[in-house]
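Some notes on the structure that comes next.
Indexing begins at 1, ligand by ligand and atom by atom, following the structure's order.
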Amino acid sequence: MEYNHHSLEKKWQKFWSENGTFKIGETSDKPKYYVLDMFPYPSGAGLHVGHPLGYIASDILARYKRLKGYNVLHPMGYDSFGLPAEQYAIQTGQHPAITTEENITRYREQLDNIGFSFDWSREIRTSEPEYYKWTQWIFMLSFNAWYNVEADKAEPIKTLIERFEKTGTAAVKAVSDDDIRVFTADEWRGFSTSEQQRELLKYRLAYLKESTVNWCADLGTVLANDEVINGLSERGGFPVEQKKMMQWSMRIIAYADRLLKGLEQIDWPEPLVEMQRNWIGRSVGASVKFPLPQLNDHIEVFTTRLDTIYGVSFVVLAPEHDLVKTLTSEAQRKEVEAYIARTAKKSELDRMADTKTVSGAFTGSYAKHPLTGKDVEVWIADYVLASYGTGAVMAVPSGDQRDYLFAKHFDLPIIAISDTQDITEEADPNKEGRYINSELINGMTYEDAMSTLVKELEKLQLGKAKVNYRMRDAIFGRQRYWGEPVPVYFKDGLPYLIEESELPLLLPEVDKYLPTETGEPPLGRAENWRYQDQYEYELSTMPGWAGSSWYWFRYMDPQNAEAFASKESIDYWKSVDLYIGGSEHATGHLLYSRFWNKILKDLGYHNEEEPFKKLINQGMIQGRSSFVYRVLDVDGKGTNTYVSFGLKDDYNTMALHVDVNIVHNDVLDREKFIASRPEYSEAEFILEDGKYICGTEVEKMSKSKFNVVNPDDIIAAYGADTLRLYEMFLGPLEQAKPWNTNGIEGVYKFLRKVWRLFHDAEGNVALSDETPTKAEYKALHKIIKKVEEDVERFSFNTSISAFMICVNELTDLKCNKREILKDLIIVLNSYAPHITEELWMLMGNEVGAISYQKYPVFNPSYLVESEFAYPVSVNGKMKMNLSLALDLGQKEVEEIVLSNADVQRYLEGKIVKKMIFVKNKIINLVV
Ligand code: ANZ
C-alpha cells in the first residue's frame with residue numbers, strides 16, 4: 001500500500017470526531033495541562049497559512065502532554081462579535097449573525113482539515129446568548145463592586161453602603177471618581193435614592209460618567225486608545241476626534257499596581273511585558289495646588305519634578321480643562337475660544353507626537369505660586385493633555401524642554417530652579433511668612449528635596465505625594481449593534497441593573513444596523529424594547545474586548561447554565577498553563593483579561609492572580625510574492641512580452657505581482673498564467689534555460705499581493721501532516737518568517753520514508769520481532785531525547801531535522817523492528833498525527849489509541865559511545881581511520897594496530913619505534 005494522505009487523513013479526522021478521541025471529562029485524577037490558543041474572529045477571508053502556525057504549535061504540545069500522562073484541556077472557539085460582520089450588514093442588510101455563522105462554518109472546515117486535537121464539545125462563541133449571558137453577568141458583578149484600597153481588592157458594593165450607613169465617607173478609602181462628596185452617616189441616610197445611587201456610581205467598578213472619548217464618526221462608535229493609530233481608527237483608517245460623551249467605563253486604574261506586580265509572576269516575552277508596563281505608565285510625583293484667590297479655588301497640577309518648583313514661571317492648562325472658561329478674561333476670550341476650536345481637531349496622539357510646533361493662549365488670569373506667593377500667568381496649550389494627571393502643569397522653562405520652547409516663544413520669564421551649590425546654614429523655611437524660598441532645598445538630593453517639599457506643601461494643605469498612571473479607565477461601550485447588550489435600564493436618568501434571573505438580555509432585532517435619525521445607537525431602532533415596558537434600556541453595546549476577557553474560564557465548563565463555570569472545574573483547571581497568540585493583543589486583550597481575572601478573584605470566584613502563566617507570541621508568516629516582468633515599448637507602454645528574471649536587466653520592464661499558486665520553485669507555470677486573465681492570453685515569454693523564472697520579494701501576506709497561500713491547497717497536494725511539519729520547519733515559532741513552498745517536498749518525502757520503513761518493496765506491511773541492534777536503539781533514543789527537550793522548551797522547529805536524521809539512519813540500517821518503529825511513531829505522533837495513527841493500526845495495535853500511549857522513556861545507556869574511529873598517522877601524517885572499542889588499553893591497542901593489514905601497508909615494512917596513543921583522540925606511529 002502506498003502512502004495516500006488524502007484518504008488516510010480524512011479517515012482519521014472522521015474517526016477522532018466520531019469517537020470523541022479528544023473529548024475530556026470535567027475532572028480527572030491525572031495532572032492537568034491547559035493549553036490555549038487566542039480564539040479567532042471568524043472573518044470572511046478564511047484562514048491563510050499564517051493563521052494556523054500557533055494552533056499547530058499548541059496542538060503539538062497538547063498531544064505531547066497527553067502522551068506524557070496529562071489531562072489536557074485544548075479547546076477552540078470564536079470571538080464572534082465584531083465590526084466586520086456589522087459593516088457587512090450595513091452594506092448588504094444581511095444580519096451579522098448569518099454572516100458570522102457562515103464564516104464560522106468555513107473556519108471550522110479549514111481547522112478540521114489540519115487535524116487538530118481540540119475538544120470541540122467545548123466550543124464557545126461569544127455572540128451566543130448562552131455565552132454572553134455570563135459576559136453580562138460579569139458586568140453586573142463589576143457594577144455591584146467597588147475597590148477597597150485598605151483591603152487592596154474589590155468588594156461587593158454592599159460593604160461600601162454599610163460603611164456609608166455607619167460612618168459616612170470617613171472610614172472609606174476607595175478608588176473612585178475625583179468628584180466624590182464628603183458626608184456623614186446621617187447625611188447619607190438623608191439622601192434620596194437617586195442621590196445615593198448617583199454617589200455610588202462614582203465608586204462602582206463599572207460606571208457611567210461623562211468622559212472625553214475617541215469618537216470615530218465613520219464607524220459611528222467610540223474607540224479604545226489601543227484601537228486608534230496615529231489619529232486614525234485601527235480598522236478602516238478613519239479619522240478619530242475627541243468628544244465628550246456619557247460613557248460606560250471599567251475602573252481598571254484601581255488595578256494598576258496589581259497589574260504591574262503581576263507581570264513579575266508570569267513568563268511572558270519581555271517586549272510584551274515592557275509594553276504593558278509602559279501602557280500602565282506608573283509615575284511617582286506630587287500633586288500641587290496653585291491657589292486662585294480671586295475664585296476661592298485652585299489649579300491642581302501633577303509633577304514628577306517637585307524639586308523644580310522654584311523654577312515655575314507660569315501654569316498651563318489643557319484647553320479642555322474645566323477652569324478655562326472661568327479663568328478666561330473678557331479681553332482674552334476670543335483668542336482662547338479660537339485656540340480651543342483649533343485643538344479640538346487634533347487627536348491626543350497628534351498632540352503628543354508634535355513636539356516642535358509651539359502654540360497656546362493666555363487666559364488673562366493669574367495663579368499664586370504655592371511656596372513663593374508670586375503671581376504666575378495661566379495659559380492654555382495643546383501640549384498639556386486633558387486626560388493625563390490633572391490636565392494642568394506647572395511650567396518650568398529651566399527644567400523642561402517643552403516649557404522652555406513655550407516660554408521662548410511667548411516671551412515668558414525663565415527662572416533658575418535653584419542654586420544648588422550654595423547651602424545657607426541659617427536657611428529659614430518660613431522667613432517670608434507663609435512662603436518659602438528655594439534655600440529650603442539647596443544642596444539636597446532629588447529624593448530629599450521631594451520629601452522636604454511634600455512635607456511643606458502638606459503643612460500648607462497645598463500638595464501631596466501622588467502616583468499617577470498613564471493608563472486610563474477602560475471605556476466600556478460601543479454605539480454599535482453587533483455586541484452584547486449592557487444589562488441596564490434607566491430610571492430618573494440613573495442606571496439600574498436588570499434582575500439576574502432576566503439574563504441573558506437578548507440582542508433585539510432592528511430594521512437597519514445604523515444609528516437612529518436622532519443619532520442614537522442602532523439599538524434605539526428596536527421596537528417596543530423597554531424594560532418592564534417603561535424604562536429605556538442602555539442603547540450602547542459592550543466593546544469588542546468584553547467577551548474575550550474571561551473566555552478561558554468558560555472552556556472549563558462550557559455548558560453550565562448555573563454559573564460561568566462550576567467551582568469544581570475552576571478548582572481543577574485553575575489557569576492557563578500555555579497561551580499562544582499574536583503580539584498585537586499586548587495592551588488590549590491581554591490587559592483586560594488580566595483585569596477581569598482579578599475582579600473575579602477578588603469577588604471569590606477563583607484563586608489565581610494571573611490567568612496566563614506562560615505566553616508565546618507566534619511570529620507572523622509573511623508572504624513570498626512572485627513577480628513577472630512585462631517588457632515596455634519605447635513609449636513606456638506595456639507589451640505582451642514577459643522576460644524571465646535573470647534577463648530582465650537587458651530590457652525596460654515593469655514588475656507585476658503574479659499569483660504564487662501558479663509558480664513552483666520560482667518557475668512560472670506559463671499555461672496557467674496565460675489562462676489566468678484575458679490580458680495575458682497572448683503573452684509571449686523570453687525564457688532562460690527554457691524556463692520562465694519569477695522574481696520574489698517578502699511582503700505581508702495579502703490578497704492584493706497575490707501571495708496568499710491557503711492551507712487547504714497545501715493539504716490537497718501534500719496532506720495535513722506535511723503542512724504541520726512544514727509550518728514548524730520554517731523556523732523558530734516566535735520569529736517572523738516568509739512562507740516559501742520550495743522546501744515542502746523535502747518534508748513530504750520524509751513522511752513517505754517513514755511509511756516505507758513499515759513496508760516491503762511490494763508495499764506490504766513487513767515488521768520484524770527481532771531484538772533491535774545497538775545502532776537501532778541509538779537512533780531511536782536520540783530522537784526520544786531530542787523531541788522531549790525541544791517540545792518542553794517550545795522549540796518545535798529543531799525536532800523536524802532530527803526526525804529526518806533518525807529516519808535516514810533507520811532506513812540505512814534497514815530497520816523494520818517492531819520495537820523501534822512502535823516508539824518512533826509515538827514520538828512522531830504529536831507532529832504528524834494522521835500517518836502515525838495509520839501506521840499504529842497497521843502494526844496491529846489497538847485502533848485509534850496512539851494519542852493516549854505513554855511517551856517512550858529515554859535510556860541514556862543507548863547513547864553512550866562504545867567505539868571510536870581513531871585517525872591513524874605515520875610520522876604525523878594522517879593515513880587512515882580505525883574503529884576500536886573505547887575500553888581497550890594501550891597494550892591491546894598496540895597489538896591490534898600493528899597486526900592490521902592496512903596499517904602494515906602504510907608502514908611499508910618499516911619498524912615502529914614508538915606508538916603514541918591518546919584515548920578518544922589519536923594514534924600516531926613513529927618510524
Ligand atoms: C514640572 C516639571 C519640570 C516636569 C521638569 C517635568 C520636568 P510622566 O513621567 O510622563 O508622568 N505633565 C503632567 N501632566 C501633564 C499633562 N496632562 N500633559 C502634559 N504634560 C504633563 O511626566 C510627568 C511630567 O509631565 C510632569 O512633571 C509635568 O511636567 C508633565 F523639569 O512638572 B513636570
Side-chain angles (χ1 to χ4, degrees), residues 178 211-212 225 242 253 256-257 260 274-275 277-290 298-324 339-340 343 346-360 367 369-372 376-408 412-420 438 441 444-447 449-450 453-454 457 462-473:
D178 292 331
S211 37
T212 308
N225 280 345
Q242 305 297 300
I253 294 289
D257 276 338
L260 280 174
E274 205 41 40
M275 271 167 88
R277 244 184 232 132
N278 290 337
W279 185 262
I280 296 168
R282 186 175 197 267
S283 278
V284 180
S287 75
V288 182
K289 291 176 179 168
F290 282 67
H298 58 263
I299 294 169
E300 187 168 357
V301 304
F302 172 70
T303 178
T304 46
R305 292 292 310 276
L306 187 57
D307 59 316
T308 67
I309 193 163
Y310 293 105
V312 173
S313 59
F314 55 102
V315 167
V316 191
L317 305 180
E320 301 88 343
H321 197 286
D322 284 342
L323 280 168
V324 174
Y339 186 73
I340 293 173
T343 15
K346 282 204 210 166
S347 77
E348 210 166 80
L349 273 155
D350 290 340
R351 285 164 60 172
M352 280 196 281
D354 185 0
T355 50
K356 295 208 178 69
T357 347
V358 179
S359 69
H369 190 292
L371 297 181
T372 67
V376 291
E377 293 186 6
V378 180
W379 284 67
I380 62 170
D382 67 4
Y383 75 82
V384 179
L385 305 174
S387 62
Y388 188 65
T390 58
V393 305
M394 56 179 221
V396 185
S398 52
D400 181 89
Q401 178 68 5
R402 293 171 314 176
D403 299 345
Y404 176 76
L405 292 175
F406 199 84
K408 275 282 190 212
L412 292 159
I414 298 174
I415 309 169
I417 297 169
S418 71
D419 181 6
T420 48
S438 67
I441 55 165
M444 280 188 186
T445 62
Y446 168 80
E447 281 76 20
M450 283 292 273
L453 288 165
V454 164
L457 288 165
L462 287 175
K464 56 177 192 281
K466 186 175 167 181
V467 176
N468 198 49
Y469 301 94
R470 193 151 289 280
M471 178 172 71
R472 304 268 55 94
D473 274 347

Fill in: Element-labelled atoms of ligand 1 that are located less than 4.0 Å from some non-hydrogen atom of Arg470
8 (P), 10 (O)

Fill in: Within 6.0 angstrom of Tyr404 OH, more than 12 heavy atoms from elsewhere
no

Practice prompt. Determine the interplanar angle of the His369 and Tyr310 rings, folded into 0 to 90°, and report it as parallel if under 30°, tilted if 30 to 60°, perpendicular if over 60°.
Written response: parallel

Item to complete: Looking only at protein heavy atoms, identify the closest one to atom 33 (B) of ligand 1 and say how far it is in Å.
Response: Thr303 OG1, 3.5 Å

Practice prompt. Answer with side chain, backbone, both or neither: which part of Val396 has a heavy atom less than 4.0 angstrom from an atom of ligand 1?
Written response: side chain

Worksheet item: Which residue owns the protein heavy atom closest to atom 18 (N) of ligand 1, what's the atom, and how far is it?
Response: Leu385 N, 2.9 Å

Worksheet item: Distance-only, no hydrogens or angles: does the Arg305 side chain make a donor-acceptor pair with backbone N or O of Gly399 under 3.5 Å?
Response: no

Worksheet item: Considering only the protein, which heavy-atom contact is closest to atom 8 (P) of ligand 1, and what is its distance?
Response: Ser283 OG, 3.3 Å

Item to complete: Specify the protein heavy atom at minimum distance from atom 13 (C) of ligand 1: its residue, its atom name, and the distance to 0.1 Å.
Response: Phe302 O, 3.3 Å

Discussion item. I need the nearest protein heavy-atom contact for atom 20 (N) of ligand 1: residue, atom name and distance, please.
Written reply: Arg402 NH2, 3.3 Å

Discussion item. Check for me whether Asn468 has a heavy atom closer than 4.0 Å to any atom of ligand 1.
Written reply: no

Worksheet item: Looking only at N/O atoms, are Tyr388 and ligand 1 under 3.5 Å apart anywhere?
Response: yes

Discussion item. When you compare the side chain of Asp257 with that of Arg282, does any pair of heavy atoms fall below 4.5 Å?
Written reply: yes

Item to complete: Would you verify that at least one protein heavy atom lies under 4.0 Å from atom 29 (O) of ligand 1, or report that none does?
Response: no

Worksheet item: Can you tell me which residue and heavy atom of the protein come closest to atom 12 (N) of ligand 1, and the distance to 0.1 Å?
Response: Val393 CG1, 3.3 Å

Worksheet, complete the sentence: Near Val384 (heavy-atom distance under 4.0 Å), the atoms of ligand 1 are 16 (C), 17 (N), 18 (N), 19 (C)

Response to the item:
Checking heavy-atom distances from atom 22 (O) of ligand 1 to each of Thr304, Asp403, Asp400, the winner is Thr304

Item to complete: Say whether, by atom type as modelled, one donor and one acceptor occur between the side chain of Tyr388 and the main chain of Phe302 under 3.5 angstrom.
Response: no

Worksheet item: Taking the non-hydrogen atoms of Gly389, is any one of them nearer than 4.0 angstrom to ligand 1?
Response: no

Fill in: Shortest protein contact, atom 3 (C) of ligand 1 (heavy atom only)
Thr308 OG1, 3.4 Å

Discussion item. Has Tyr383 got a side-chain atom pairing as donor or acceptor with Val358's backbone, closer than 3.5 angstrom?
Written reply: no

Discussion item. Are the side chains of Ser359 and Thr343 in contact, using a 4.5 Å heavy-atom criterion?
Written reply: no

Worksheet item: Nearest protein heavy atom to atom 19 (C) of ligand 1, by residue and atom, and its distance?
Response: Tyr383 O, 3.3 Å

Worksheet item: Just which atoms of ligand 1 are under 4.0 Å from any heavy atom in Arg305?
Response: 2 (C), 3 (C), 5 (C), 6 (C), 7 (C), 31 (F)

Item to complete: Spell out, as yes or no, whether a donor-acceptor pair under 3.5 Å connects the side chain of Thr303 to the backbone of Ala286.
Response: no

Worksheet item: For Phe290 and His298, what are the C-alpha separation, side-chain angles and deciding distance, and is it a ring-ring contact (aromatic ring centres under 6.0 Å, His included)?
Response: CA-CA 5 Å; Phe290 282 67; His298 58 263; over 10 Å; no

Worksheet item: Would you say the side-chain atoms of Arg351 pair up with the backbone N or O of Val384, donor to acceptor, closer than 3.5 Å?
Response: yes

Item to complete: Check whether any side-chain N or O of Ser313 sits under 3.5 Å from a backbone N or O of Pro413 as a donor-acceptor pair, and report yes or no.
Response: yes

